[in-house]
Amino acid sequence: MTDIIAISDASLRRASDILAAGGLVAFPTETVYGLGANACDDNAVAGIFYAKNRPNFNPLISHVATCQKAFQLGVKTDFATILADCFWPGPLTIVLDRAKGCPVAMLTTAGLNKIAVRVPAHEQAQKLLAIFDMPIAAPSANPSGRISPSTAHHVHAGLAGKIDLILDGGPCENGLESTIIDCTGAAPVLLRPGGISRKAIETALHSAG
């Protein structure tokens, strides 16, 4: 059984306890519902790949509550700083080189020395991240290849019985996954279009310099 429960202080604490024990929790963000696990726990992260039937060579995004925490996981660059200042918290994922001592499991990053990080804007996702106080690996909460879920019931339809808990925060605002930008090279590279347009990113970078 996979419970769907409304978000409250008590349910957020329950979700944090499940994550700490290596379990899987689906939760809303401003983009789509994410399937969360402790990003620093290989076994927990393996559960995401199993539940979604996702190939483990496909890296996961690590979600954190603040820009400061994001840049503790990945090496800050000038381009990443500009984009973070403009779009975090929000539907932007930035790919960085892993920082020295980064605690995120190598399985989360599919064995790569890069890490994808995001600071979500959703109020309840922020509360969960603050309570758990560790990075949460969270791809979309659906079987791989299916349409990304924008409600708790979409999550339940695809993953019931495979995950521990679904936090119901109502419909997601965007229903579109985060934009992914690689900031590890000489110029930013758009890896996936999403909630922030290419034009908005180009404008931010141009305005900064």
Side-chain angles (χ1 to χ4, degrees), residues 2 15 18-19 22-65 70 73-74 88-96 98 102 104-112 114-122 124-126 128-129 132 134-169 172-182 190-196:
T2 300
I18 290 171
L19 292 170
L24 303 180
V25 174
F27 63 96
T29 75
E30 71 277 17
T31 56
V32 299
Y33 273 73
L35 178 56
N38 181 351
C40 303
D41 181 338
D42 270 311
N43 290 330
V45 172
I48 291 179
F49 289 106
Y50 178 78
K52 284 177 60 69
N53 193 27
R54 177 186 175 109
N56 61 11
F57 55 78
N58 194 350
L60 305 177
I61 297 169
S62 294
H63 294 67
V64 291
L73 302 179
W88 276 351
L92 178 70
T93 295
I94 300 177
V95 177
L96 304 167
R98 286 178 67 109
C102 174
V104 169
M106 290 302 294
L107 183 58
T108 304
T109 60
L112 302 174
K114 294 183 178 183
I115 184 168
V117 289
R118 180 160 95 90
V119 180
H122 192 281
Q124 304 303 334
Q126 278 282 331
L128 177 60
L129 287 162
F132 186 55
M134 293 184 71
I136 297 177
S140 56
N142 59 297
S144 288
R146 304 261 188 99
I147 295 173
S148 296
S150 57
T151 70
H153 292 283
H154 292 162
V155 178
H156 193 268
L159 296 177
K162 296 181 178 181
I163 65 177
D164 298 292
L165 182 67
I166 302 170
L167 291 173
D168 188 352
C172 295
E173 179 182 343
N174 292 348
L176 185 65
E177 293 182 336
S178 65
T179 300
I180 302 179
I181 303 286
D182 188 329
L190 177 65
L191 300 181
R192 182 180 75 186
I196 296 174

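Sequential numbering from 1 along the given sequence is applied to the chain's residues.
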Under a 4.5 Å cut-off applied to non-hydrogen side-chain atoms, are [X] and [Y] in contact?
X      : Y      : result
Met106 : Arg98  : yes
Ile48  : Pro139 : yes
Ile136 : Leu129 : yes

Test side chain to side chain contact (heavy atoms under 4.5 Å, CB included) applied to Arg118 and Thr31, step by step: CA-CA 12 Å; Arg118 180 160 95 90; Thr31 56; 3.2 Å; yes

How far does [atom1] of [X] sit from [atom2] of [Y], to the nearest 0.5 angstrom?
X      : Y      : atom1 : atom2 : result
Leu107 : Leu60  : CG    : CG    : 7.0 Å
Ser150 : Glu177 : OG    : CD    : 11.5 Å
Leu73  : Ile94  : CG    : CD1   : 12.5 Å
Arg192 : Ser178 : CZ    : OG    : 4.5 Å
Glu30  : Gln124 : CD    : CD    : 12.5 Å
Ile115 : Leu96  : CD1   : CG    : 8.0 Å

Side-chain atoms of residues 50-57: list all donor-acceptor pairs with protein atoms under 3.5 Å, sequence neighbours left out, distances to 0.1 Å.
| from | atom 1 | to | atom 2 | distance (Å) |
| --- | --- | --- | --- | --- |
| Lys52 | NZ | Ser140 | O | 2.8 |
| Lys52 | NZ | Asn142 | O | 2.6 |
| Arg54 | NE | Asn58 | O | 3.4 |
| Arg54 | NH2 | Asn58 | OD1 | 3.2 |
| Arg54 | NH2 | Pro59 | O | 2.7 |

Val25 and Ile163: CA distance, side-chain angles, deciding distance, side chain to side chain contact (heavy atoms under 4.5 Å, CB included) verdict: CA-CA 7 Å; Val25 174; Ile163 65 177; over 6 Å; no

Considering non-hydrogen atoms only, spot the tightest contact between [X] and [Y] and give its length.
X      : Y      : answer
Val45  : Ala37  : N-CB, 4.3 Å
Gly158 : Arg146 : CA-NH1, 4.5 Å
Thr108 : Ala39  : OG1-O, 2.8 Å
Val119 : Ala70  : CG2-CB, 4.3 Å
Leu24  : Ile18  : N-CG2, 4.0 Å
Gly23  : Asp164 : CA-OD2, 3.2 Å

Ignoring hydrogens and angles, tell me if any N or O in the side chain of [X] forms a donor-acceptor pair with the backbone of [Y] under 3.5 Å.
X     : Y      : value
Ser62 : Val117 : no
Tyr33 : His153 : no
Thr2  : Gly161 : yes

Going by the rule salt bridge (Lys or Arg N to Asp or Glu O under 4.0 Å), which residues pair with Lys114 if we only count those two or more places apart in sequence or in a different chain?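 With neighbours one apart ignored, the set is Asp182.
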
So for atom CG, which belongs to Leu191, do other residues, nucleotides or ligands contribute more than 12 heavy atoms lying within a distance under 6.0 Å?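 Yes, because the 6.0 Å sphere around CG of Leu191 holds more than 12 heavy atoms from other groups.
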
Identify, with sequence neighbours excluded, every residue that meets side-chain contact (heavy atoms from CB on, under 4.5 Å) alongside Ala116.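 Expected list: Ile61, Thr93, Val95.
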
Trace of the side chain to side chain contact (heavy atoms under 4.5 Å, CB included) decision for Phe27 with Val155: CA-CA 9 Å; Phe27 63 96; Val155 178; over 6 Å; no

